[in-house]
Number of protein chains: 2
Amino acid sequence: MSNRFVEKLNGFSRLSPNDIAALTAATADQRLYTARHDLIREGDRPGPVFVVLDGWACRYKILPNGSRQILAYLMPGDSCDLHVGLLAEMDHSIQTITPALVATISRPEMDDVFTRYPGIAKALYLSQLIDEGTMRAWITSMGRRASIERVAHLMCELYLRAHNIGITLEPPFALPLSQTMLADSLGMTPVHLNRVLKELRGTGAMTLQRGSLIIEDPVQLNRIAGFDENYLHRRLRTAFAGQDR
Amino acid sequence: MSNRFVEKLNGFSRLSPNDIAALTAATADQRLYTARHDLIREGDRPGPVFVVLDGWACRYKILPNGSRQILAYLMPGDSCDLHVGLLAEMDHSIQTITPALVATISRPEMDDVFTRYPGIAKALYLSQLIDEGTMRAWITSMGRRASIERVAHLMCELYLRAHNIGITLEPPFALPLSQTMLADSLGMTPVHLNRVLKELRGTGAMTLQRGSLIIEDPVQLNRIAGFDENYLHRRLRTAFAGQDR
DNA sequence: CGCAATTTTGATTTTACTCAACTCAAGTGG
DNA sequence: CCACTTGAGTTGAGTAAAATCAAAATTGCG
């Protein structure tokens, strides 16, 4: 028995059968949540570690003026911070986007895994480093990329991540994100995002419509985005293989 | 014997004399770098862990079009990622801002510390979680805060962090950051940043001139910034004590 | 079908960028 | 000591990008 979390970590650094068994056992406590359910809120005392096994979730923050900033997307196999338990309070919230199957790993269980399974620990650290790289890419996008580049860049990121865990299948890639959510991720208004999507459609690079993303010209989309897959640390290097160049 | 790194970690979770001795030994390999020296560049294979003991440094990325995005500031006591060694390549560069005393910890030494000194490991994890919170705050600033709020927010952050390690002393707080660097941190142009600083001076909240920051009205500055010190995880909660409210 | 949410479009205003010039302070070397 | 250079900071005018406000079209779904 296995799951998306195990598969993802196993892709990072090959796990032993022992590791896999331990991870599977640790993520045995699973629950199905409805869409738009807060798993934990800003200000809450952190509890167990959350692992998304199926569906999408996001980290976000609400500002005093009511606006929202989405900080990251969690796809199947992704988890929240491993050591959140050390903190007194959450500085952001985590919410499901779609109905989602989520496993929780208690703090002692987590500690146990870390001390007894160095192979898992290593894979977890790698995973965390990649998440940090993604955050840096978001900062870079928001600070120094034009809006069309930002949108293209996020699409490249999401496509590669999805492809990497095998959920893109053939061209119409299902992105369960409303334009409002995308706008809240990219620091722009929904209206402007909508116009940028139209512009991108015009370039022939990609089409995002009714929740499905079609990348018509990966090379051009990459070029528009100024996308450097290295920031995902060569994990996902082969994702576009066969499509581009 | 001790250093800023030890002091910072000791502030997070009290270390035993043993821990302190081990950390001091681990950071014994120190070197003084000139200002504007790259400790490591994007694309390099990661080597040892860097720890800034004195002076300032920053993480940054250069985009294809030549523009720069600063991703984080490292102040005395701050370090780069603990597990960078796991990665094939750096996805960003790290550069000194001022002349800086930097310790390097080799990968085996790091591993040794992690396995033999759980107290240190815990403090290091906390430190990393706080850095992540800071990144999330930057994303939030860039995405959803007006430029004057962004500037005010960064000043609050830097002031609190500096205060927390005891380098603010009395009011004129020395910020060794040019307006160009600040602009590259905040995703704006130097010209616009300059106008915003003027505006902030006009509000009476703060004055940044010739590398020294004077916070004239902490309450107002906090209000402009929409600053929630919680994102630094209550570590730095007492910093403004005696000044505000 | 009909409601509600999301997406799309248009017109206008605001914000920030660009380009260019000018100031100022701190060196440098004759 | 004074011209000269240099880099950072400042200011102004014009332009471009994105936000705002408002409304219409489309879609999903009970």
Side-chain angles (χ1 to χ4, degrees), chain A residues 34-36 56 63 65-70 95 97-99 141-155 172 174-203 206-214 224, chain B residues 34-36 56 63 65-70 97-98 141-155 172 174-203 206-214 224:
Chain A
T34 58
R36 294 178 176 261
W56 289 51
L63 277 82
N65 66 17
S67 63
R68 172 178 64 169
Q69 177 63 47
I70 290 176
Q95 183 174 92
I97 296 171
T98 64
S141 269
M142 306 247 261
R144 285 290 176 246
R145 275 191 257 264
S147 59
I148 191 170
E149 300 168 347
R150 279 212 294 280
V151 175
H153 199 276
L154 180 59
M155 292 305 121
L175 259 193
L177 310 173
S178 70
Q179 295 189 4
T180 300
M181 296 201 79
L182 290 173
D184 282 348
S185 317
L186 295 165
M188 41 206 277
T189 58
V191 172
H192 188 53
L193 176 83
N194 183 274
R195 292 189 232 265
V196 170
L197 286 176
K198 189 179 173 185
E199 199 184 340
L200 272 170
R201 237 174 281 137
T203 66
M206 56 159 271
T207 301
L208 178 60
Q209 245 160 1
R210 255 167 275 126
S212 75
L213 173 67
I214 299 176
I224 293 172
Chain B
T34 59
R36 295 180 175 260
W56 289 52
L63 278 81
N65 66 17
S67 64
R68 173 177 63 169
Q69 176 63 47
I70 291 176
I97 296 171
T98 64
S141 269
M142 307 247 261
R144 285 288 177 248
R145 275 192 256 263
S147 59
I148 191 170
E149 298 169 348
R150 280 212 292 282
V151 175
H153 199 275
L154 180 59
M155 294 304 121
L175 258 195
L177 309 173
S178 68
Q179 294 189 4
T180 300
M181 296 202 78
L182 290 173
D184 282 347
S185 318
L186 295 165
M188 42 206 277
T189 57
V191 172
H192 188 54
L193 176 83
N194 182 277
R195 291 189 231 265
V196 171
L197 286 176
K198 188 179 173 185
E199 199 184 338
L200 272 170
R201 236 175 280 135
T203 67
M206 55 159 271
T207 301
L208 178 60
Q209 246 159 0
R210 256 167 273 128
S212 76
L213 173 68
I214 300 175
I224 292 172

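The sequence lines fix the lettering, A, B, ..., with proteins before strands; numbering per chain opens at 1.
- Inter-residue side-chain proximity for B:Leu186 and B:Leu154 is flagged as met; some heavy-atom pair is nearer than 4.5 Å.
- Counting to the nearest Å, the P atom of D:dT11 and the CD atom of B:Glu199 are 13 Å from each other.
- Between the CG atom in B:Asp184 and the OG1 atom in B:Thr189 there is a gap of 10.0 Å [rounded to 0.5 Å].
- Regarding B:Leu177, its CG atom lies at a distance of 14 Å from the C1' atom of D:dA8, rounded to whole Å.
- Under the side-chain contact (heavy atoms from CB on, under 4.5 Å) criterion, A:Thr203 pairs with A:Leu200, A:Ala205, A:Gln220, A:Ile224, not counting sequence neighbours.
- One donor-acceptor pair, N or O on each side, does fall under 3.5 Å between the base of D:dG12 and the side chain of B:Arg195.
- One finds no side-chain N or O of A:Arg150 lying less than 4.0 angstrom from the OP1 or OP2 phosphate oxygen of D:dA17.
- Remark: A:Thr98 pairs with no residue by the side-chain hydrogen bond (donor to acceptor under 3.5 Å, both in side chains) rule, at least two apart or across chains.
- Of the side-chain N and O atoms in B:Ser178, none sit less than 4.0 angstrom from OP1 or OP2 of D:dA8.
- Checked against side-chain contact (heavy atoms from CB on, under 4.5 Å), B:Ser147 has the following partners two or more places apart in sequence or in another chain: B:Arg150, B:Met188, B:His192, B:Val196.
- Looking at every heavy atom in both residues, B:Ser185 comes nearest to B:Met181 through OG-O, 2.8 Å.
- For the side-chain hydrogen bond (donor to acceptor under 3.5 Å, both in side chains) test, residues two or more places apart in sequence or in another chain that qualify with B:Gln179 are B:Asn194.
- Under the side-chain contact (heavy atoms from CB on, under 4.5 Å) criterion, B:Arg195 pairs with B:Val191, not counting sequence neighbours.
- Checked against side-chain contact (heavy atoms from CB on, under 4.5 Å), A:Gln209 has the following partners two or more places apart in sequence or in another chain: A:Arg201, A:Thr207.
- Bracketed by its first and final contacts, the part of DNA chain C lying under 4.0 Å from non-hydrogen atoms of chain B reaches from C:dA16 to C:dC19 in 5' to 3' order.
- Listed by chain and number, the residues in a side-chain hydrogen bond (donor to acceptor under 3.5 Å, both in side chains) with A:Gln95 are A:Asp38 (sequence neighbours excluded).
- Side-chain N/O atoms of B:Lys198 include one lying less than 4.0 angstrom from OP1 or OP2 on D:dT11.
- Across all strands shown, A:Arg145 has no heavy atoms under 4.0 Å from either base or sugar-phosphate atoms.
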Could you run down nucleotides 23-30 of chain D 5' to 3' and tag each one B, S or - for protein heavy-atom contact under 4.0 Å? ----SS--
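- Interatomic distance, CZ of A:Arg144 versus CG of B:Asn65, reported as 9.0 Å (0.5 Å rounding).
- For the contact set between residues 181-193 of chain A and DNA chain D, defined by any heavy atom under 4.0 Å, the members are A:Gly187, A:Met188, A:Thr189, A:Val191, A:His192.
- Judged as a side-chain hydrogen bond (donor to acceptor under 3.5 Å, both in side chains), and not counting sequence neighbours, A:Ser178 has no contacts.
- Taking CG of B:Leu63 as the reference point, atom CD of B:Gln69 lies at 8.0 Å (rounded to 0.5 Å).
- Five base pairs at each end of the helix from C:dC1-D:dG30 to C:dG30-D:dC1 define two local axes, and these are offset by 30° (rounded to 10°).
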